[in-house]
There are 6 protein chains.
Amino acid sequence: MRAANCLRPVEINRQSWGQAPGRVLYQSGETVVLCTASVQSRVPDWMVGKGKGWVTAEYNMLPHSTGSRKNRDRSGKVDGRTTEIQRLIGRSLRAIVDLEALGEHMITVDCDVLQADGGTRTAAITGGYIALVDAIRSVLPEAQIGTPPVIDSVAAVSVGVVDNEIVLDLDYPLDFAAQVDMNVVMTGSGRFVEIQGTGEEATFDDDQLAAMLKLARSGIAELTERQRTALAN
Amino acid sequence: MRAANCLRPVEINRQSWGQAPGRVLYQSGETVVLCTASVQSRVPDWMVGKGKGWVTAEYNMLPHSTGSRKNRDRSGKVDGRTTEIQRLIGRSLRAIVDLEALGEHMITVDCDVLQADGGTRTAAITGGYIALVDAIRSVLPEAQIGTPPVIDSVAAVSVGVVDNEIVLDLDYPLDFAAQVDMNVVMTGSGRFVEIQGTGEEATFDDDQLAAMLKLARSGIAELTERQRTALAN
Amino acid sequence: MRAANCLRPVEINRQSWGQAPGRVLYQSGETVVLCTASVQSRVPDWMVGKGKGWVTAEYNMLPHSTGSRKNRDRSGKVDGRTTEIQRLIGRSLRAIVDLEALGEHMITVDCDVLQADGGTRTAAITGGYIALVDAIRSVLPEAQIGTPPVIDSVAAVSVGVVDNEIVLDLDYPLDFAAQVDMNVVMTGSGRFVEIQGTGEEATFDDDQLAAMLKLARSGIAELTERQRTALAN
Amino acid sequence: MRAANCLRPVEINRQSWGQAPGRVLYQSGETVVLCTASVQSRVPDWMVGKGKGWVTAEYNMLPHSTGSRKNRDRSGKVDGRTTEIQRLIGRSLRAIVDLEALGEHMITVDCDVLQADGGTRTAAITGGYIALVDAIRSVLPEAQIGTPPVIDSVAAVSVGVVDNEIVLDLDYPLDFAAQVDMNVVMTGSGRFVEIQGTGEEATFDDDQLAAMLKLARSGIAELTERQRTALAN
Amino acid sequence: MRAANCLRPVEINRQSWGQAPGRVLYQSGETVVLCTASVQSRVPDWMVGKGKGWVTAEYNMLPHSTGSRKNRDRSGKVDGRTTEIQRLIGRSLRAIVDLEALGEHMITVDCDVLQADGGTRTAAITGGYIALVDAIRSVLPEAQIGTPPVIDSVAAVSVGVVDNEIVLDLDYPLDFAAQVDMNVVMTGSGRFVEIQGTGEEATFDDDQLAAMLKLARSGIAELTERQRTALAN
Amino acid sequence: MRAANCLRPVEINRQSWGQAPGRVLYQSGETVVLCTASVQSRVPDWMVGKGKGWVTAEYNMLPHSTGSRKNRDRSGKVDGRTTEIQRLIGRSLRAIVDLEALGEHMITVDCDVLQADGGTRTAAITGGYIALVDAIRSVLPEAQIGTPPVIDSVAAVSVGVVDNEIVLDLDYPLDFAAQVDMNVVMTGSGRFVEIQGTGEEATFDDDQLAAMLKLARSGIAELTERQRTALAN
C-alpha cells in the first residue's frame, strides 16, 4: 500500500493520439488524461489589438471514464465542476507563459479524461504543461523551458485530511473519504500559483493547513523533475 | 484613506426588500448585496430519501451594478465566474449547517448584487449567513446560533498583495491592481472553511501566504462580531 | 382601507443603488422596482446607419420578490409574461423620445422588481421614465423635459373590474380577484400610448370600458405630477 | 379599392390539410392561416387535479409566408412577437370555453401562417375558434355552439389610424403606415374579451379610441356571422 | 387497392401559398408537402469568396400533420430525424445544380409537411426540385431545365420489403410494416444521387437489393415525367 | 502504397482505457477510435413496459483528433453530421441484437475518436460491436456470439469512386477526392444492414454501384474475421 506522503506512479507519454503538435498521455496511477495543445494565430475578441497572447483550456471526462457512465456536456450547459476545473487549468498555465512574448496567438489545451481515479484536474495541469511546451516548440522551434515565452514550469497536486491524517495525491477512494481537500499549483521554482482548499462539510485549522502545504510542496518538486525528464527526451 | 489592514465600513439591514423570511441588505463600503433566503420542504432529486437537508445559493449581478452595463445571464449559459461564486457561497453556508438536523428541507439563498465595488462574493457569504439564519428561524422559531441546525457562524473576506504590500478587503481598484488575490472563508470559531488564493499572472511565496492568512483571520473576527450584533437585534 | 378610486402611496428615490446615471427606486405601496438606465453609443444591428436612436427595456423579478420563490430566467427561455412586459415598457418609453434627436445612441432601462405586490409593469414604466430622463441628462446636460429628445412624459396605471366595481391601481389581492384587468399608458399631455385590457375568463362591455378609462386618466394625471416633482429636485 | 370601413374578403375552408379533428384554412384577403386543433386527455402539470380543462395555442409563420424569408424559431428562443401572439390567441379562446365543463382535457390550437399580409393574429383567433369547435365536436358529438363547454363564439379584427383616418382590418401596407394599431377581440354576443391598442411612436386621444372601437364592433359582427355560416355547413 | 409496383397518385400545384418565387404544393396520395424556395444574394460564411453558390433545405412537419400531435422543434434541438432529412434534401438538390454557374447566391428550399402519410422526404425532394427551378427562373429569367445552372432534374421515391414482397412508394402503414426501407434519389437522366437502405431490425440480401433498385428506377422515371409536365405549364 | 482493393491495417485492443466492461481501442490505419460500452438496467421512457431492451450509441470527435482543432459539441446543438453518425451506429448494432432476449436493459456504446483519418464511422461500428459484446458478457457471462442476445456480428467499411476507380476503405485524402462515397454495414453472415451511398456533387450508375458493393463485401468479410479473432482471445 502507498504511504501517505508518496505520489502515485506517474507515466508521461509524448507523441500520443491526435493531430495536435502537443499530445501527451499523462497517467497518475489509474488516472489517465490525454492532454493536447495547439497554437492558433488569433486571440479572443476581447484581446484583439493588445499585442498579447492567451492560453485557454478545456476539460472533459469521457462518459465511461468513471464507474457509472457520465452524460456528455451536450445540453448547452457545461456543469459547474467542469467550468471551475477548466478555468483553474487555464489560469495555472497562463501563470508560466509570458503573454506579451507570445504575441497575438492563442494556445488551446484540451484535457480529456480517459480514465478517472481522483486527481484529474491536477493531472491535467501537470500533463497540460508538457503539451503546451510541445505546442509552443512546434511554432517557435527555438523556445526552451525557462526562456520566453515559457518562463517557468508548473505542476499541481492534491493533498488532504483523511481520518485526521495528512495525505498526498488523493485517489478517488481517498478523495471520497477526505474531510479536507486542497489542490496546490506551484511553479518549478517553488512559488504558489493557486491554492484551493475546501472543507467538505468540515473545517480545518492552521496546523493542518501548514502540514498540507509542506507535503504538497514536496510532491510538486517530484512532479517538476518528472516533467523535466519527459521534455528532455 | 483606509489603512491596508482595515475593513471597509459594514452596514447590515435585516427585514429589507422582498417577501422571503430572510432578507438582508448587506453593505461593505460601496458594495451592496441583497441576500434573501427561504426554506422549501423538498430537496434536490439526488438527495431524496436520505433524511438530510441541503443549502444552495444563487449569485447574480444586476446589469447596472457595475460601471459598464453587464448583460443578464439569460442565454442559457451562466458564465463561469458566476458559477464558481455561487458554488463557493453554497459550500461555505453548508459548512455551518447540520444537514441531518435540517431534515429534508432545502434552503435557497439568493445573493443579488445591487452595486459592485469588489468583494461581492465575500459580502454574499457574510450577508447570506444572516439571511439563512433568519430563514431557519422562521420555520424553526426555537433555532439559535450555536444550536442545531446552525452549528457555527461563517464569514468571508478577501486579502491580497498589492504593490508588494498585504492588503485586507480589496475594493475594485485594489482588486484590479492586485498581484495576488485570496478569498478566505472562516467560521466564527476560527476554523478555515475555504481558502482560494490565485496569482493573477503572478505567483506568491510562503511568507506572503502567511501574512495574508493572518490579516484575513483578524478581518473575519471583526465581521463575526458584526454578524452577532445584527442577529441580536 | 384605500378607496377604489385612489392610488397607492408612491415614493420615488433618485440616486439609488447601482452605477448607472439613471437609478431610481420606485415604490407604489408594497411594490418596489429598481429602475436603472444608461446610454450606449451604439444601436442594435438592424438600426445601424439610420441616424436614429433606440430605447429598450429589460424587466426582471428577483426570485424572492414574490411570496413563493420564482426561478431565475437562466434557462435560455425568458418566460412569455416577462417578454410581454419588457416589450410594453420599451414601446411606452419610445413613445416620448424623439429617436431622431437622440442620434445613434441606445438607452437601456433595467427594471428589477425587488418586491412585488401587483402593478409591477406600470411601476416599471412610471419609474423607468425618471431613470431614462436622468440617463439622458447625464450625456446631454442641457436636456429638459418637454424639450428634445424627451418630448413628453409617460406614466402608467392599472385599472380593473373587481366584484363589478371599477377599481384603480390593483395590488396583488385585487389583481387576483379582478374579472377584468387593464393597463393604461398615457403621456403627461393626456394622450394614450397603450391600452391593454383583458378579461380573465370574463368579458366586459362599453360602459365598463368607459369607466375604467376615465379612472385611469385621473390616476395618471396624479402620477405625472409626482414625476414632475421628483425630477425637479 | 376597399373602403376604409370594410373587411377584406373572408374564406373559410373546414376539413383542410392535416390529421387533426379541427382543421380550418382561414383566408382574409391575402392572409392565409391554417388552424388545426385537437383534444388531449391531459392538462398541463400545474392544472392536474383541479377538474378543469385548458386551451392553449401556438402561432407560427412559415419561413416563406413573408416577402423576405423569416428564419424558423429553432434556436430555443421563440421571439417576443410570437410569444405575445400565441398568448393572446390562447386567452381569447379560453374566454368562450367553460373550462370546468371541459373536464381535465387540453385543447391545442395550432395557427400556422402560410401567407402573411397583415392581420395574422386576428385571423388566427377567428379561424382558430372554428377549429376549436370542430375539435370539441369530435370528442363530444353532442356539443353545439351556445351549449357547454363552448359558451359563446369569439372573433377578432384590427383597426387603426392611418393618415388620421380610422381604418378597419389593416393589411400589411396599411399596418406599416398606421400611427395607431388596435386589435379587438369580442364575443359573438358583443362583449369585449381583449383590447390592445398601441401607438407606433405616436399617441391617440379619446375620440379616436371611440371611433376605432365602434368600427371594430361592426367588423366583428360580420365575422361572427361568417363563423356561424361556416359551422352550420 | 394499389399494386405493389405502382406509385400513389401525384398532384403538383405551382403558385401555391406564400410569397416565395418558388411555391409548390406537392401531393403524393395523402402526403402533402408545401415546398417553397427563394434566392438570397449571399452564401454561408464558410463559402464567402469562393465564387460558388449553395443550396440548402429545411424540413419541418406541422404539429397536426400526423395522427397524434407532434411538438414543434422550438427547444433549440432539432431532432435527429429532421436533421438527417433536411441534409438529404439539400445534397439531392445540389447534385443537379451547377454551383459555379450559380455564382455567390444561396437558394433556400423549405419543405413544410402539411399532412403526413409516409414518404415525406421523397415528396420533399421531388416537389422541392420544382420550387427550386421556379426560384431560379425568377432571378434568371432565361434559365431552362437542362441548361445551367440547373443541369438535370432530380426525384426520389421509397421502396421496401414488406412481407417479403418488394413494394414501391411506401405509405405510412406499409412503412410501418416494412422489414427493409430504402430511399432512392436519381436524376432525370437515370443516374443515382443517393441510396439509403436500412434494415429495420432486419437485414437484406443481394437479390432483394437488386429488385428494390429496379423498382425504384421505374418509379423515378414516372416522377421525372410528372415534373417535366408541371414545369412546362 | 496500399492497393485500391485492400483494407488499411487493423489493430484491436480490448481492455483499453476507461471503467466500462466493454472498452476497445480500435485502429484502422491512422484512424483511432475508443469504443466503450456498458449496460444499464433501464430503457428509454418510450420503451418502458415493453419487455424489450435498447442499444444506443454516441459518437464524438476529440477536438485535436483532426488537423485543425474542432470545437466541442457543447452549445446545446449537436451538429448534423454527428447526429447522423450516431444514429447509424445505433441502428447497425441493434440489427444484431435480439432486443427481446436482452430484456429491459439499455446498452450505451460510446465512440470517441482520438485520431481521425477517414472512416471513423465504420471504425466505430466495427469496434463498437466488440465493446458491445464485452459489455453483454459482463452481465450475461454465458453469452456467446451467435447465441442470444447477440445473434450475429456486424462490421462496416467505406468504398468509393476516386478518379473513376473503385476504392476500398477511404482514408481522409481519398475521401476528400472521392466522387462517390458509400458506407456499407453487413452482418458476419453476409447480409446487408445498411447501405448509404452519396454522390458528392456527382452521381453514379448501376455498374459502379455493383462494383462498390462487391468490394465492400470482401472487405467486411476480412473485418469479420478480425473481430472473431479479437473476441476469441
Side-chain angles (χ1 to χ4, degrees), chain E residues 52 54-56 73 75-88 90-100 151-152 154 161 179-210 212-214 217, chain F residues 52 54-56 73 75-88 90-100 151-152 154 161 179-210 212-214 217:
Chain E
K52 291 177 54 175
W54 191 243
V55 177
T56 190
D73 274 327
S75 69
K77 317 208 182 192
V78 178
D79 75 59
R81 177 184 169 276
T82 295
T83 301
E84 277 190 25
I85 292 175
Q86 56 192 19
R87 282 163 59 91
L88 171 64
R91 280 198 310 273
S92 299
L93 295 175
R94 284 194 295 276
I96 52 89
V97 173
D98 181 339
L99 299 177
E100 268 84 8
I151 54 179
D152 204 337
V154 66
V161 181
Q179 305 144 244
V180 180
D181 177 17
M182 177 170 282
N183 291 293
V184 180
V185 185
M186 294 186 86
T187 63
S189 59
R191 294 178 62 87
F192 292 109
V193 173
E194 184 110 10
I195 298 175
Q196 292 193 341
T198 304
E200 305 284 343
E201 298 176 24
T203 55
F204 52 104
D205 63 23
D206 277 323
D207 290 348
Q208 289 171 315
L209 176 59
M212 286 191 284
L213 291 172
K214 188 179 166 197
R217 181 177 287 279
Chain F
K52 289 179 57 175
W54 191 244
V55 177
T56 189
D73 274 327
S75 68
K77 320 211 178 190
V78 177
D79 75 56
R81 177 184 168 275
T82 295
T83 302
E84 276 190 25
I85 293 176
Q86 58 192 19
R87 282 162 58 91
L88 170 64
R91 281 198 308 273
S92 298
L93 295 175
R94 283 194 295 276
I96 52 89
V97 173
D98 180 339
L99 298 176
E100 268 84 9
I151 53 179
D152 204 336
V154 67
V161 181
Q179 305 145 243
V180 180
D181 177 17
M182 177 170 283
N183 291 293
V184 180
V185 185
M186 294 187 86
T187 63
S189 59
R191 294 178 62 88
F192 292 109
V193 175
E194 185 110 10
I195 297 175
Q196 293 194 340
T198 304
E200 303 286 342
E201 298 176 23
T203 55
F204 53 103
D205 63 23
D206 277 324
D207 290 348
Q208 289 171 314
L209 176 59
M212 287 190 284
L213 291 173
K214 189 179 165 197
R217 181 177 287 279

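Bear in mind the structure is a predicted one, so any value in this text is a computation, not a measurement. Residue numbers begin at 1 in each chain, while the letters A, B, ... track the order of the sequences.
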Given E:T187, E:L209, E:D79, E:V185, the one with more heavy-atom pairs under 4.5 angstrom with chain F than any other is E:L209

Answer key: most heavy-atom pairs under 4.5 Å with chain F among E:E194, E:Q208, E:R87, E:R94 is E:R87

When the 4.5 angstrom heavy-atom criterion is applied to F:N183 and chain E, the contacting part is neither

Would you say F:M186 and E:T203 make side-chain contact, with heavy atoms under 4.5 Å?
no

Cut-off 4.5 Å, heavy atoms of chain E, and the answer for F:Q86 is neither

The interface call for F:T198 against chain E, heavy-atom contacts under 4.5 Å, is both

Residue from F:D205, F:T83, F:T82, F:V180 scoring the most non-hydrogen pairs under 4.5 Å with chain E is F:D205

Turns out that what part of F:L88 lies under 4.5 Å from chain E's heavy atoms comes down to neither

So, the part of F:I96 with a heavy atom under 4.5 Å from chain E: the answer is neither

Flag the pair F:D206 / E:F192 as yes when at least one side-chain heavy-atom distance between them is below 4.5 Å, and no otherwise. yes

So, the part of F:R81 with a heavy atom under 4.5 Å from chain E: the answer is both

Taken to the nearest 0.5 Å, the spacing of F:E84 CD from E:E84 CD works out to 5.0 Å

